[in-house]
Structure formats: C-alpha cells, structure tokens
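Both ligands and their constituent atoms are indexed starting at 1 by order of listing. For the single chain, residues carry numbers from 1 onward in sequence order. Just so you know, these numbers come straight off a predicted model, no measurement behind them.
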Amino acid sequence: MMKEKEYERRRKKLGKKLEDSSVAVFFSASYKVRSNDTEYPFRQESNFYYLTGFTEDSAALVLVKEKKKVKSYLFVEKRDKEKEMWSGKRLGKEGAKKCFRVDEVFEYETLNTKLKAFLDAKKSLYYDFKLDYSKIKILKRYSKNITTIKNAAKLVEKMRLIKSASEIKLIKKAIAITKEAHHRAMRLSKELKYEYELQAEIEYVFKKNGAYSDAYTSIVACGESANTLHYISNNKRLKNKELILIDAGCEFEYYASDITRTIPVNATFTQPQKELYEMVLSVEKKIIAMIKPNILRSELQKKSEEMLCEGMIRLGILKGSKKKLLKEQAHKKYYPHGIGHWMGLDVHDQAPYKNENGKEIPLKKGMVMTIEPGIYCPKDDTTIPKKYRGIGIRIEDDILVTKEGYENLSQEILKEIKDIESLSL
Ligand code: GLY
Ligand code: MN
Ligand code: MN
C-alpha cells in the first residue's frame with residue numbers, strides 16, 4: 001500500500017502548478033453496466049486514484065487555490081446502512097477524514113452546492129476534458145466569472161511520467177506475479193488443448209497472488225491467430241508445431257505489467273520458428289540495450305524498424321535494398337506497431353509523449369516503458385517464404401530508465417529458446 005503522505009505530496013505538487021484564483025475538480029470512476037443490472041468490477045479512475053488513493057465510486061476531489069494557498073477537499077458518498085448491506089461498507093465522511101490527509105471531507109451529495117461557492121469569483125477552472133458532458137454542464141453553470149478553462153488531466157498525466165520508488169515497487173510486484181503466470185503457461189502448454197485453458201491458468205496465478213485484475217484482456221493466440229494484433233477471443237485449439245503468442249500481465253494494487261512471450265505448443269520450436277524468433281529476440285535485446293536517459297522513443301522506433309527490416313531481408317521475407325524498403329515502409333506490413341509505450345497506473349500509461357511545444361519528451365530516470373518488437377507473417381501471404389507463413393511473434397519486456405541506463409524489470413521471465421524449451425518439456 002502506498003502511504004497517504006505520497007498522495008498528499010502529489011496534491012501539493014499539483015497545487016503549485018495551478019493558477020491563482022482557481023478550482024480543479026477530479027471525479028472518481030463510475031460503475032459500468034455489463035448487461036441489464038449487472039456491472040463490471042469497479043476500477044478507480046487513474047488520475048483520481050493517483051491524487052487520492054481513494055477507491056470508492058461517487059467521489060470527487062476539489063483543489064481550491066486562492067492567494068497562493070491551496071486547499072484540498074474530498075467528497076465521498078454518505079454511509080447508508082441498507083445500501084451497505086447490499087454493496088459493502090463505505091468509509092463515509094468521518095472514516096475518510098481519518099484516512100486521508102485532505103483539508104476537509106464532505107458528502108458527495110453536497111458537491112454541487114459546494115462547487116457553486118468555490119467557483120464564485122474564481123478566474124480559472126480545471127477539469128478532465130474527457131469527463132462526461134453531464135458533469136461538464138454543471139461545472140460550466142457555476143463558472144460565471146471563469147476566464148480560463150484548462151485540462152486538469154494533462155497536469156496530472158505529466159506528473160505520472162516519472163515513477164516514485166513506491167510506484168516502482170508495485171510495478172515490480174505486478175511483474176513478479178506475471179512471471180509466475182508466464183512460466184506456468186510454458187510448463188503447461190504441452191498438456192492443454194485450448195487457448196482459453198492457458199488463459200485460465202495465467203489468470204489463476206494473477207488472482208491467486210492477490211492481483212485484483214489483469215491489466216488488459218489477455219491475448220493467447222496460437223498460430224495464425226497471433227497475426228491479429230488484438231486477438232482476445234482465445235477460443236481456438238492449440239495445434240502441434242505452432243507457436244502461441246501470450247500477451248498477458250496482471251494489475252497489482254492499480255499498477256500494470258505488460259509482458260509478451262511466444263512459446264511452442266509442443267515444447268520445441270521448429271527450424272523456421274527458431275529463425276524468426278531469434279531475429280525478433282536479437283532486435284528486442286539491442287533496443288533494450290539502447291535505453292538510457294535522454295534517448296528518444298522515436299530513435300528506438302526507427303532503429304527497431306531498421307533492424308527488423310534488415311532481418312526480414314536476410315530471411316527472404318522482404319526483397320530489395322534496405323534503404324528503398326524502409327522508404328516505402330514495406331516492413332510495416334509485418335511490423336505495424338510501435339516499439340513500446342509508457343506503463344504505470346494504466347497499461348498504456350496516460351502520460352504525454354510530447355511537451356507543450358510539441359517536442360518529443362526524451363527518456364528520463366524513473367520512466368517505465370515497454371519494449372515489444374514483433375513480426376507477423378499472415379498465412380495467406382504468398383510473397384513470403386512458405387515456411388514462415390502463419391507465424392506471429394512478439395517479445396515484450398517492461399523497462400525502467402535509470403540514472404546510467406536501464407533496468408529490465410522483467411529480466412527473469414524466460415525468453416531464450418533453450419530456456420523456454422526446457423521449461424516446457
Ligand atoms: N498488451 C498491450 C500492449 O502490449 O500494448
Ligand atoms: Mn505493450
Ligand atoms: Mn502487451
């Protein structure tokens with residue numbers, strides 16, 4: 001658990017960035033209907049969580065800045081015995097006041113009245129521009145004197161770029177659980193028959209170890225299925241001599257992990273699979289080795305495209321000069337995605353890639369990003385050697401940028417052919 005002081009520090013830091021005579025409003029997530037009267041499990045909105053650590057719905061955080069002083073107010077749902085009997089205990093005003101280091105806690109039903117008073121005679125208003133319109137409408141109704149409206153989410157998301165020691169600890173914990181899950185999948189791949197069975201084994205490890213959820217829907221894609229990048233149906237039979245691309249990571253105490261391994265169904269890689277796999281693995285390792293402060297993500301992207309293009313020429317997947325193929329973007333047919341993304345409270349962490357001037361933000365100590373090159377050779381592509389058709393491979397690790405270079409946080413999750421094979425036997 002993160003200490004409440006850390007959330008307080010974040011609110012203070014944010015408060016400093018607010019203009020004087022302003023109000024910033026953040027809302028909790030709401031329950032989402034799954035079907036009729038059943039709901040998806042509740043998951044707190046990431047920015048709201050980042051600033052409060054509060055995990056209930058029907059809540060809001062309001063920062064009010066006046067004469068350079070910032071006050072923070074938490075609004076929580078009031079306790080109701082009957083409701084609590086159905087849906088569980090709430091902290092309520094008194095409970096929240098004890099747990100959270102805010103200036104005051106109010107009941108959520110008073111939010112509108114309080115907002116009206118807070119916004120009276122203020123100059124600036126901050127809220128998340130992705131907020132649903134019913135809430136924006138209320139905010140605007142009380143904003144008679146407001147001259148500037150700014151996106152509150154952007155300020156928080158920028159803060160989320162650099163991870164603190166306690167955030168890194170949670171990411172490491174998420175990865176440690178995910179390691180167990182991938183290794184279990186490697187051990188069991190030989191005896192299971194369907195993609196969803198592997199998915200179940202992976203998610204069993206997540207839950208068994210206290211990870212409340214997966215960080216995104218697991219992809220367990222055998223053979224040609226791996227060539228569908230967002231394949232999540234996971235309902236096909238595992239076929240002997242095919243590869244299984246497994247992109248799965250748990251979320252632990254709100255922090256994500258995001259790992260892909262590609263393993264054989266029957267413990268051994270075929271020769272063509274080995275050739276493709278070694279090519280992707282060597283690119284992945286070389287890109288990871290480039291990571292250090294001040295390098296740009298776009299440089300990693302460019303280098304990964306060059307190296308994968310080179311590899312594709314070497315294996316006869318692309319024909320022609322590297323320069324020409326890169327210029328024509330021919331490699332994108334088989335490597336169409338990015339080299340990686342920020343990761344944190346969200347698997348695709350909502351943190352900026354560019355600063356306010358539109359300039360790319362270089363890597364800095366404390367950032368966490370994935371590195372995930374891949375190659376996808378469709379079954380029906382007659383322009384590539386037959387032996388490679390129907391193979392899709394991606395290898396993905398989670399990397400922390402350090403003062404000198406990097407730390408591969410998922411280093412221990414096996415990815416060498418010999419290691420995967422010996423675990424699978
Ligand atoms: N699992 C989502 C991604 O790799 O970006
Ligand atoms: Mn990823
Ligand atoms: Mn992934």
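Ring centers of Y108 and F75: at least 6.0 Å apart, outside the cut-off. F26 and F48 have their aromatic ring centers separated by at least 6.0 angstrom. With ring centers used as reference points, Y254 lies under 6.0 Å from Y49. For Y216 and H230, the gap between ring centers reaches or exceeds 6.0 Å.
Protein residues are said to neighbour a ligand when one of their heavy atoms lies under 4.0 Å from it; for ligand 1 these are Y216, D247, D258, H341, H348, E372, E396.
Look at H341 and the Mn ion (ligand 2): an N/O/S atom of the residue is under 2.8 Å from the metal.
Around atom NZ of K17, more than 12 heavy atoms belonging to other residues, nucleotides or ligands sit under 6.0 Å away.
A salt bridge (charged side-chain N to carboxylate O under 4.0 Å, His left out) with E284 is found for one member of R394, K415, R261 and no other, namely K415.
Taking the ring axis of Y7 as reference, the NZ or CZ atom of R101 does not stay both within 45° of it and closer than 6.0 Å to the ring centre. Both tests hold for K135 against F27: distance to the six-membered ring centre under 6.0 Å, angle to the ring axis within 45°. In this structure, K32 forms no cation-pi arrangement with Y40, as its terminal cationic atom is not both closer than 6.0 Å to the ring centre and no more than 45° off the ring axis.
Listed by chain and number, D247 OD1, D247 OD2, D258 OD1, E396 OE1 are the protein N/O/S atoms closer than 2.8 Å to the Mn ion (ligand 3), with waters left out.
Annotation: side chain of K236 is not in contact with side chain of C222 (no heavy-atom distance under 4.5 Å).
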